[in-house]
Asks: 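Following this message is one structure expressed as structure tokens.
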Amino acid sequence: MKLSVIIPAYNEAATIGELLDLVLKAGRRQAGDGGTGFDLEILVVDDASTDSTARIVTQKADAAIRLIRHPVNRGKGAAIRTALAAATGDAVIIQDADLEYDPADYQAIIGLMVTTGAPVVYGSRILGKNPQSYARFYWGGRFLSVLFNLLYGTRLTDLTTCYKAFRREVLLSLILEEDRFGIEPELTAKVGQARWRVFEVPINYFGRTYEEG
């Protein structure tokens, strides 16, 4: 399976280099190491960063990595849509540019797609054994998940997770419009409206503090 990893990035010079190393390692993990390797495509969309994010990406000498630059800041949703237009993978996963999410979890997320044919898989921080983040973020996310479940008859535990993975045909069926963080509920709402089934697997989560961004 070819996997496209979409990374929206804005002023993430402190973490983008280490993150790319982790993505490359996780995406190419072989069966002998306890995982499944993928034909990997990494699409980093630099959303008009004012730091050295773009330079660090270009210094990574790996053919799997492609940098796309926005001349002006447009937001996470616009960055995701830009990357989706360029993605060629059989499956697509969204990866934040910080280190809050562990690319090692690709094995569980994409592995479920490979073994079951699941069209959409979310990584759930709630199902994973993670410390609770700031209370208002935690309960806000839980509230949105409950509201969505009532609207669409689903049982999602983590609507606002970054780790959303889709088969290519699912994404091609959606018309996405949000430019900023509204892309998160929009993706799930339109998947729900189209009646694509969403599976969840537990993931690791290392939340940043306010001081860290």
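We use all heavy atoms of the structure for the numbers below, so side chains are in, but hydrogens, waters and symmetry mates are not. Positions are given from 1 along the sequence.
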Asks: Does one side chain, of Glu12 or Thr53, offer a donor that lies under 3.5 Å from an acceptor on the other?
Replies: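 Distance-only check fails for Glu12 and Thr53.
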
Asks: Indicate yes or no for a side-chain donor-acceptor contact from Asp98 to the backbone of Thr15 under 3.5 Å, with no hydrogens or angles considered.
Replies: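 No; judged by distance alone, with no hydrogens or angles, the pair does not exist.
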
Asks: Determine the sole option in Asp96, Asp179, Asp47 for which the side chain to side chain donor-acceptor pair (under 3.5 Å) test with Lys76 is passed.
Replies: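 Of the listed options, the one satisfying the test is Asp96.
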
Asks: Do Thr161 and Ile203 make a side-chain contact, defined as non-hydrogen atoms from C-beta onward lying under 4.5 Å apart?
Replies: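 Answer yes - side chains close enough.
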
Asks: Is any NZ, NE, NH1 or NH2 atom of the basic residue among Glu184 and Lys164 found under 4.0 Å from an Asp or Glu carboxylate oxygen of the other?
Replies: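 Here Glu184 pairs with Lys164 in a salt bridge, since their nearest N and O are under 4.0 Å apart.
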
Asks: Do you know the tightest heavy-atom contact between Gly89 and Arg168?
Replies: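 Heavy-atom minimum between the residues: O-CD, 3.3 Å.
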
Asks: Looking at every non-hydrogen atom in both residues, tell me the closest pair between Phe199 and Ala118 and how far apart they are.
Replies: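 Nearest pair, atom of Phe199 first, then Ala118: CD1-CB, 3.4 Å.
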
Asks: Pairs in or reaching into residues 154-197: which pass ring pair (Phe, Tyr, Trp, His ring centres under 6.0 Å), with residues at least two apart or in two chains?
Replies: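 Matches after skipping sequence neighbours: Tyr101-Tyr163, Tyr106-Tyr163.
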
Asks: Dump the intermediate steps for side chain to side chain contact (heavy atoms under 4.5 Å, CB included) on Val201 and Asp105, then the final yes or no.
Replies: CA-CA 9 Å; Val201 297; Asp105 286 322; over 6 Å; no

Asks: Is the closest side-chain heavy-atom distance between Pro103 and Leu19 below 4.5 Å?
Replies: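 Result yes, sub-4.5 Å side-chain heavy-atom pair found.
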
Asks: I'd like to know if Lys60 and Asp21 make a salt bridge, using a cut-off of under 4.0 Å between side-chain N and carboxylate O.
Replies: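 Yes, charged N to carboxylate O under 4.0 Å.
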
Asks: Mind running side chain to side chain contact (heavy atoms under 4.5 Å, CB included) on Ile56 and Glu18 for me, showing each step along the way?
Replies: CA-CA 10 Å; Ile56 293 170; Glu18 182 179 354; over 6 Å; no

Asks: Which distance, rounded to the nearest 0.5 Å, do you find between the CZ of Arg66 and the CG of Leu43?
Replies: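 Interatomic distance, Arg66 CZ to Leu43 CG, rounded to 0.5 Å: 6.5 Å.
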
Asks: Whether Lys190 and Glu178 form a salt bridge (side-chain N of Lys/Arg under 4.0 Å from carboxylate O of Asp/Glu) is what I want to check.
Replies: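 Salt bridge: no.
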
Asks: Under 6.0 Å from the CZ atom of Arg197, do we count more than 12 heavy atoms belonging to anything else shown?
Replies: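 At most 12 heavy atoms, drawn from other residues, nucleotides or ligands, come within 6.0 Å of this atom.
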
Asks: Are a donor atom and an acceptor atom from the side chains of Thr160 and Arg125 found within less than 3.5 Å of each other?
Replies: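 A donor-acceptor contact under 3.5 Å links the two side chains.
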
